[in-house]
Peer 1: 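Before I ask anything, here is the structure I am working with.
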Amino acid sequence: MSSEFGTVKVAVIGGSGLYSLEGLQVLGEVNPETPWGFPSDKLVICQTDAGDKVAFLARHGRGHYLNPSEVPSRANIAALKSIGVEAIISFSAVGSLREEIAPRDFILPSQIIDRTKGIRPSTFFENGVTAHCMFADPFDASLAQLIGEVATTATPSVKFHADRTLVCMEGPAFSTRAESHLYRSWGGDIINMSALPEAKLAREAEIAYQMVCMSTDYDCWRVDEEAVTVAAVMATMQANVVTARDLLVQLLPKVFAALHGGSLKSVSALKGSMRFAIMTAPAKRNPETVEKLKYILPADYF
């Protein structure tokens with residue numbers, strides 16, 4: 001799998017300001033039409049000084065025209081897989097459910113509580129082909145460790161929190177106070193609207209995936225805190241984008257070095273992980289669905 005610019009092994013999914021980076025040469029854009037439609041926006045393909053290629057994708061589209069429930073996550077993940085992506089670093093704004101996680105802090109979650117409502121298509125396996133992927137650990141520990149190590153020098157003034165639990169809600173409205181307190185009682189540390197089904201689909205496509213979360217507010221659980229407003233969130237987001245750029249400038253060379261050196265063990269471990277996850281008997285598999293799945297997985301799986 002590759003694009004007209006060759007194989008692209010790393011992708012960054014983000015929002016405003018994360019379409020490209022200083023020090024990277026923009027090669028062009030591609031817009032793959034997948035069996036699940038087109039991605040949120042064209043994939044911006046860039047190249048490092050070492051010749052490695054990275055794809056940037058705006059989750060909500062440039063201009064933020066897709067709400068969280070409208071993001072075509074299956075097309076996004078399928079498009080990235082079609083150009084050869086093996087590892088995704090995903091950025092997302094989050095609300096904090098913990099006093100110690102302040103606005104402008106960054107978080108590397110390790111777990112998810114799903115509070116979406118079934119509105120978003122959440123699997124590639126449907127319509128005559130059923131599979132059950134392992135999802136006990138929804139994020140990539142190897143990538144998270146690497147990101148945490150790079151952050152100590154790339155963004156020393158920004159506090160990073162690791163091994164936290166993320167609540168993914170449907171949106172687009174923010175939480176009620178009752179909901180915010182409920183999520184805290186469940187052990188939730190941060191909340192967003194973007195982790196799912198993105199993380200699940202990456203797992204089904206055998207792509208290593210880690211989300212980097214950027215705290216914008218305290219949600220609405222603190223009674224002495226003014227309820228979250230879009231204006232407050234946007235102001236903090238602009239500062240967070242600067243931090244994300246600083247992090248990526250130093251992170252991407254390290255990720256490519258780890259990929260080339262084989263130290264990202266999860267990448268190799270994921271390859272072949274879906275081969276035996278397919279439960280539907282061969283004779284019962286819908287041929288049309290099988291053809292769609294061959295876009296993201298090897299033909300000999302079927």
Side-chain angles (χ1 to χ4, degrees), residues 13 15 59-60 67-71 73 89-123 132-141 143-145 147-148 151 158-203 209-237 239-240 243-244:
I13 299 178
R59 178 186 292 110
H60 299 280
N67 79 29
S69 303
E70 295 173 331
V71 172
S73 294
I89 303 163
S90 172
F91 285 82
S92 173
V94 297
S96 169
L97 298 172
R98 299 294 163 191
E99 189 75 40
E100 69 270 20
I101 302 176
R104 304 194 183 188
D105 285 3
F106 275 45
I107 309 95
L108 298 171
S110 58
Q111 285 295 325
I112 304 175
I113 295 173
D114 187 356
R115 284 286 293 158
T116 60
K117 304 294 180 62
I119 298 171
R120 315 171 185 191
S122 60
T123 181
H132 301 284
C133 72
M134 300 298 292
F135 202 58
D137 297 300
F139 297 109
D140 191 276
L143 273 174
Q145 181 178 350
I147 295 166
V158 176
K159 189 172 183 179
F160 268 70
H161 307 264
D163 198 25
R164 296 292 186 143
T165 296
L166 181 153
V167 178
C168 185
M169 63 180 290
E170 186 64 48
F174 294 122
S175 303
T176 66
R177 292 192 194 278
E179 289 169 334
S180 195
H181 284 294
L182 176 66
Y183 302 148
R184 279 169 47 80
S185 75
W186 286 353
D189 297 304
I190 52 177
I191 184 166
N192 79 354
M193 305 174 190
S194 300
L196 294 171
E198 199 171 87
K200 284 185 179 179
L201 295 167
R203 181 63 54 85
Y209 178 94
Q210 179 62 45
M211 179 167 275
V212 181
C213 297
M214 307 173 288
S215 177
T216 58
D217 57 84
Y218 276 112
D219 201 47
C220 60
W221 59 271
R222 294 205 317 186
V223 293
D224 58 341
E225 184 88 1
E226 183 179 337
V228 59
T229 66
V230 173
V233 169
M234 292 303 295
T236 305
M237 281 179 66
N240 286 345
T243 300

Peer 1: Mind checking whether L166 and C213 have side chains closer than 4.5 Å, heavy atoms only?
Peer 2: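 A side-chain contact under 4.5 Å exists here.
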Peer 1: Hey, are the side chains of I107 and V94 touching, using non-hydrogen atoms and a 4.5 Å cut-off?
Peer 2: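 They are in contact (side-chain heavy atoms under 4.5 Å apart), so the answer is yes.
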Peer 1: With a 3.5 Å distance limit and no angle check, can you tell me whether W221 reaches the backbone of S96 through a side-chain donor-acceptor pair?
Peer 2: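 It does hold such a pair.
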Peer 1: Between E99 and R222, does any side-chain N to carboxylate O distance fall below 4.0 Å?
Peer 2: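 Yes, charged N to carboxylate O under 4.0 Å.
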Peer 1: Charged N to carboxylate O below 4.0 Å: is that the case for R164 and E100?
Peer 2: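 The answer is yes: the pair qualifies as a salt bridge.
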Peer 1: Return the minimal non-hydrogen interatomic distance between G171 and S69, and the atom names on each side.
Peer 2: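 Answer, listing the atom of G171 first, then S69: O-OG, 4.3 Å.
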Peer 1: Salt-bridged, R98 to D189, with N to O below 4.0 Å?
Peer 2: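 Yes, this pair counts.
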Peer 1: Decide yes or no on side-chain hydrogen bond (donor to acceptor under 3.5 Å, both in side chains) for D105 and S215, but give the supporting numbers first.
Peer 2: CA-CA 5 Å; D105 285 3; S215 177; over 6 Å; no
Peer 1: Do L108 and Q210 make a side-chain contact, defined as non-hydrogen atoms from C-beta onward lying under 4.5 Å apart?
Peer 2: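 L108 reaches Q210 side chain to side chain.
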Peer 1: Under 3.5 Å, is there a donor-acceptor pair between the T116 and D114 side chains?
Peer 2: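 Short answer, yes.
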Peer 1: Step by step, work out the side chain to side chain contact (heavy atoms under 4.5 Å, CB included) result for E198 and I13.
Peer 2: CA-CA 10 Å; E198 199 171 87; I13 299 178; 3.8 Å; yes
Peer 1: Are Y209 and R203 close enough that some pair of their side-chain heavy atoms sits under 4.5 Å apart?
Peer 2: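 In short, these two side chains do not touch, never coming nearer than 4.5 Å.
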Peer 1: Between D219 and R177, does at least one N-O distance fall below 4.0 Å, as a salt bridge requires?
Peer 2: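 R177 and D219: not salt-bridged.
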Peer 1: Using 4.0 Å as the upper bound for N to carboxylate O, is an ion pair formed by R120 and E70?
Peer 2: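 Salt bridge flag = no for R120 with E70.
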Peer 1: Using modelled atom types only, decide if a donor and an acceptor are shared between the side chain of R59 and the backbone of F91 within a distance under 3.5 Å.
Peer 2: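 Such a contact is found between R59 side chain and F91 backbone.
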